4 protein chains.
Amino acid sequence: MKVKIGDESCAVKRTPGRPRSERARQAILNSTLEFLEQRENGFANLTIEYVAARAGVGKATVYRWWPNKAALVADAFASSVTHKLFFPDTGSVCDDIAQQMQQLVKIFRSRRGHVVSAILGAGQSDSTLVTAFRDRFLKPRRVEAYATLRRGIERGELPKNLDLDHVLDALYGPIYMRFLIKHDGLTPEFVDQQCQLVLRQVLPCVKASKSLSKASGK
Amino acid sequence: MKVKIGDESCAVKRTPGRPRSERARQAILNSTLEFLEQRENGFANLTIEYVAARAGVGKATVYRWWPNKAALVADAFASSVTHKLFFPDTGSVCDDIAQQMQQLVKIFRSRRGHVVSAILGAGQSDSTLVTAFRDRFLKPRRVEAYATLRRGIERGELPKNLDLDHVLDALYGPIYMRFLIKHDGLTPEFVDQQCQLVLRQVLPCVKASKSLSKASGK
Amino acid sequence: MKVKIGDESCAVKRTPGRPRSERARQAILNSTLEFLEQRENGFANLTIEYVAARAGVGKATVYRWWPNKAALVADAFASSVTHKLFFPDTGSVCDDIAQQMQQLVKIFRSRRGHVVSAILGAGQSDSTLVTAFRDRFLKPRRVEAYATLRRGIERGELPKNLDLDHVLDALYGPIYMRFLIKHDGLTPEFVDQQCQLVLRQVLPCVKASKSLSKASGK
Amino acid sequence: MKVKIGDESCAVKRTPGRPRSERARQAILNSTLEFLEQRENGFANLTIEYVAARAGVGKATVYRWWPNKAALVADAFASSVTHKLFFPDTGSVCDDIAQQMQQLVKIFRSRRGHVVSAILGAGQSDSTLVTAFRDRFLKPRRVEAYATLRRGIERGELPKNLDLDHVLDALYGPIYMRFLIKHDGLTPEFVDQQCQLVLRQVLPCVKASKSLSKASGK
DNA sequence: CAATAATCGAGACGGTACGTCACGTCTTCTT
DNA sequence: AAGAAGACGTGACGTACCGTCTCGATTATTG
C-alpha cells in the first residue's frame, strides 16, 4: 500500500521474505487459459484443483493471489487480450470497421474465443466478470472505434449527431449474438453484409439522422 | 379382453404402473424458476438438492425426469415462456416488430430475464442449454417473425430477396448484446431507434437491396 | 383367523377376492435362496428389489407377505432346511454322531451353507433371525441328538449325569467356529478327530491319547 | 544441500504435506466403537455419515483412510482390543487357559462384545471383515496360546504331538458358538467345565466326571 | 552469517453437493 | 382382493472440489 515516489535507483524498498514467484503466476494463468480454450470446457468446469495441479503449484498459492475463480479467469483473460484488434485508416469508415470486425470474428472463432464466451457466460451470474470484460476489452476498443467513426463524420461519410454507441451496438450486436447463441454462422460474408447493412443506413443521404442522433436528455 | 368401442381413449394406451405425478413436475419447475429469478442466483448456484427440497420432492424424482441441471432449467424456462411475445399486425412491419421487441425487452428487464441470462450464461459451457434455448425459444419466435417480415415484403414495405435471418439478427443482436454485456441501457427508446435504424429501408430513398439480398449460393 | 373344522366339501368359506398366488410365493423364496447361495452374496447384499425383479413379482407383493428382509430370509431358510440330517443307530454313539456331523459339514461346505452363514451373520444384528435358526434348525436336531446320547448312556458308553447340552456344544462348537471364522479347514478328518476328542474324554476312563496326537502327514 | 550427520531421524523421511490428524483418527474410531457397543446397533445400521458427523469430521476423511465400512470397524475393534486378554503362567495349563477364557467371555458379555458379533456377523457377507478379525485378533492370541500349551507339554501336563490348533478350537469353539447363536448361557461355570472337559488329559484318568455333571442349580 | 519472514510444494482437513441406489409406500390398471 | 408395474419421498452411498490449514523447504532482506 506504500507507494514509492521518485527514484528507485539504489533503495528499491522491497518487502522482506521470499518474493512472489513469477514462474508460478505465469504457470497458473497459462493453465487457466489452456483449459478454457478447449471446447466445452467452460468456466463452470474449470476447477482450481485442476489449475493448480496443471501448473505444478499448490492450491494455496492460487488462493493467495486470487480471491476466487472469477478473479483468476478475469486476470487470465486480461493477460490474453489480443493486441491484434486495431482499426486501420483506409479512408473509408466502412472498410476500417469491416476489417476490424473481421479480425474480431477470427478471434471469436479461434480457441481464444472460448475464453471470451467463458467470461461472458460466467459473467451472467458474477457481475465482476462482465465488468472485467467491459473494462479491459470492450471499452478500450470502443475508444478506438469512436475515433474511427469521427473520422468518417469529419470526412462527411457519416451524419453529424450520430449516437456512436448505438451505431456500434448495431454493428457488433449481431456478431455477439451469433457468437453466443450460435443459431447461425459467424462467417466473413455475414460480417461484411452486417457492416454494409448498418453503415449504409446511416449514410448522409437520407433523413434518418434525427432518429439516430443522441437523445438530448440522456 | 373387453374392448371398449366408441371409447375416445381407444388409442391412448396408458403405461402400466403409477403415473407420473403432475404435482411433482410443476413443483420442481416452479422452484427452479423461483430460484433463478432472484438476482445473483445464477445457474451455477442452483442445486438440484435445493430444487428438490423446495419442491418437497425427492432428488431421485428430479433425476428420473431430467438428465441434468441444464435440461431442467431449459424445461423450466420453456414452460414459463410468456405467451405475450407475439407480433401484432398493425399494417406496418416496423410497428409490428417494434412492439414485439418492446415486449421482449420488458421480459429481459423483469425477473424472468435472469432465467434467460442464466441459460445463455451456462450455455457457454454446456451446449445442450443453448440448443434448448434456440429450439424452444428462439426458433418458434423466428417463425412468427418471418411471417411478419413477409407481410411487409408483400406490402412493398421491404425489398424482395431479403435475408430474413440476417435482418432479424441485425434487429435483435444489439438487444441481446446489451442484455448480456450490460454496457448500456436497454431502454424503450433504444429499442425504437434500433428498429428504425435497421428497417429504414421502408422509406423511399436508399434501399440497399443488393447488399442485403440473400447470397444466391447459400 | 377363522379355522374351519371338519368337512370342506361344498362350502369352503374362502376369503373374498383374488387368492394369494402360490406361484409368487415360491418364486420369491426361490430367488432369495438362489441369491444367498452364491458366494459373497450375504444377507447385506440381498435386496428386495432384486428378489422381486428376479421372481417376476411386484415389490409390494413381497412386502405384503413378509414384514422385512429378515423375515423373508428366515422363511426362505426354513423352506430350505435339509431333511438329510439324521442320526443313524450304529450301536456306537461316537459313530452315530460322527456320521451326522459329517453330513452337517457337507451342507456347510455346499452352496446351502451360504444360507446358513447368511442367516447367522444377519442374526447378529437382528435377533429374530437367530431365533428362527434356533427354533427351526438347531432345536429339532438337538432333540434327535439327545436321543442318540441317551442311547449311549443306556449302553454304558457314556457316563450318567452327563450335561447333554454341554457335550453337544463341545462337539459342534468347533465346527460352527471354523464355519463362521474360516481360520482353518472344515475337513472330514477334523470332524472325526473332533468327535473322538470330545467323546473319548467323556468315556468312562480310557485316555485316548492316540486319537489326539497330530496326524503325522499334516 | 546441508546433510545433518548423526541425526537420528536420518531414515525417518517425513512425507510432505500436512500430516494426518491423530485427533481425527481417534475421533472416528471412537465414534465407531461407541455406536457398535449399543445393543441392536449392528454393523448394518452403522453409517459412515453418522460416524463422520459424530466425530466432527468430513466424510471424505473417513474414506481417505478406510476403504469401506468393514475396514473401519475392523480397525476400531483392533484398536480397542483390550490388553487384558493375556495368558497367566500359574504352573497349570488348565488354569492358565481357564483364566484367559474367563476374560474373553467377560468381554463377549460386555458392550464390547457387540462389536465382535457385529464384525463376525457382517463378516459372513464381507470376507475382508473376518480376515481382519482373524489377523488382528485371533492370530495374535493364538500365538500366546501356543506358548501356554507348549509349557504344559514340557511340564508333562499334555501329551506331545498335540494338534495345537485343534485343541484350541475344541476349547474356544463352544464359546464362540454360544456367543453367536445364544442358544445357551455363556456362564463362568460353563467356561470352567469346558476347559476341564477338553484338557482332562492332564489328570491321571478319572475324576472329571463330576465337573461335567450338570450344575444342580441350573 | 545467522536470524527473520514471506512464499513455495504438498496434501490433509471440515464441508457441500453431486448423481446413484434401495428403501418401503403409493397409485394405477389388470386378473 | 391380489397381482405387476412403476413412480413417489427418503436417506445413505462414495466422489469431487471447495477454501482453509499445517507441514518442511526455499529464498529473500535485515541485524
Side-chain angles (χ1 to χ4, degrees), chain A residues 12-21 23-25 45-53 55-65 67-69, chain B residues 1-2 13-21 23-25 45-50 52-53 55-65 67-69, chain C residues 14-21 23-24 45-50 52-53 55-65 67-69, chain D residues 2 13-21 23-25 27 45-50 52-53 55-65 67-69:
Chain A
V12 187
K13 190 70 172 156
R14 297 258 257 87
T15 161
R18 181 174 177 174
R20 176 171 181 183
S21 158
R23 191 200 66 74
R25 195 183 139 272
N45 311 14
L46 178 70
T47 68
I48 299 287
E49 204 107 28
Y50 169 86
V51 168
V57 141
K59 256 196 303 179
T61 302
V62 180
Y63 284 109
R64 203 188 326 274
W65 303 109
N68 51 55
K69 203 164 66 168
Chain B
M1 202 56 71
K2 174 188 302 190
K13 189 70 182 81
R14 289 266 277 93
T15 161
R18 181 174 177 173
R20 176 170 181 182
S21 157
R23 190 201 66 74
R25 195 183 139 272
N45 310 16
L46 178 69
T47 68
I48 299 285
E49 205 110 31
Y50 169 86
V57 142
K59 248 196 309 179
T61 300
V62 180
Y63 285 109
R64 201 185 333 272
W65 301 108
N68 51 54
K69 205 164 63 166
Chain C
R14 298 257 259 86
T15 158
R18 180 174 175 175
R20 175 169 181 185
S21 157
R23 190 199 67 73
N45 311 15
L46 178 70
T47 67
I48 298 288
E49 204 106 28
Y50 169 87
V57 142
K59 258 197 303 179
T61 302
V62 180
Y63 285 109
R64 201 188 328 272
W65 301 109
N68 51 54
K69 204 165 66 168
Chain D
K2 175 188 302 192
K13 191 71 183 79
R14 288 265 278 93
T15 161
R18 180 175 178 172
R20 176 170 181 184
S21 158
R23 191 198 67 71
R25 197 183 137 270
N45 310 15
L46 177 70
T47 68
I48 298 285
E49 204 110 29
Y50 169 87
V57 142
K59 247 195 312 178
T61 300
V62 180
Y63 285 110
R64 203 188 326 274
W65 302 109
N68 51 55
K69 207 165 60 167

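Chain letters run A, B, ... following the sequence lines, proteins first, then strands; residues in each count from 1. Being a predicted model, the structure only gives us computed values, none of them experimental.
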- D:Y63: what forms a ring pair (Phe, Tyr, Trp, His ring centres under 6.0 Å) with it, not counting sequence neighbours? none

- Message: I want to check something: taking the side chain as every heavy atom from C-beta on, are B:V57 and B:R23 in contact at a cut-off of under 4.5 Å?
- Response: yes

- Message: Are the side chains of C:T61 and C:R64 in contact, using a 4.5 Å heavy-atom criterion?
- Response: yes

- Spell out protein contact along nucleotides 12-22 of chain E as letters: B when the base is contacted, S when just the sugar-phosphate is, - when no protein heavy atom is under 4.0 Å; keep the 5' to 3' order. BBSB-SBBBBS

- Item | B:I48 to B:K59 - nearest heavy-atom pair and separation | CG2-CG, 4.1 Å

- Tell me, please, whether A:W65 has A:R25 positioned over its six-membered ring: NZ or CZ under 6.0 Å from the ring centre and within 45 degrees of its axis? no

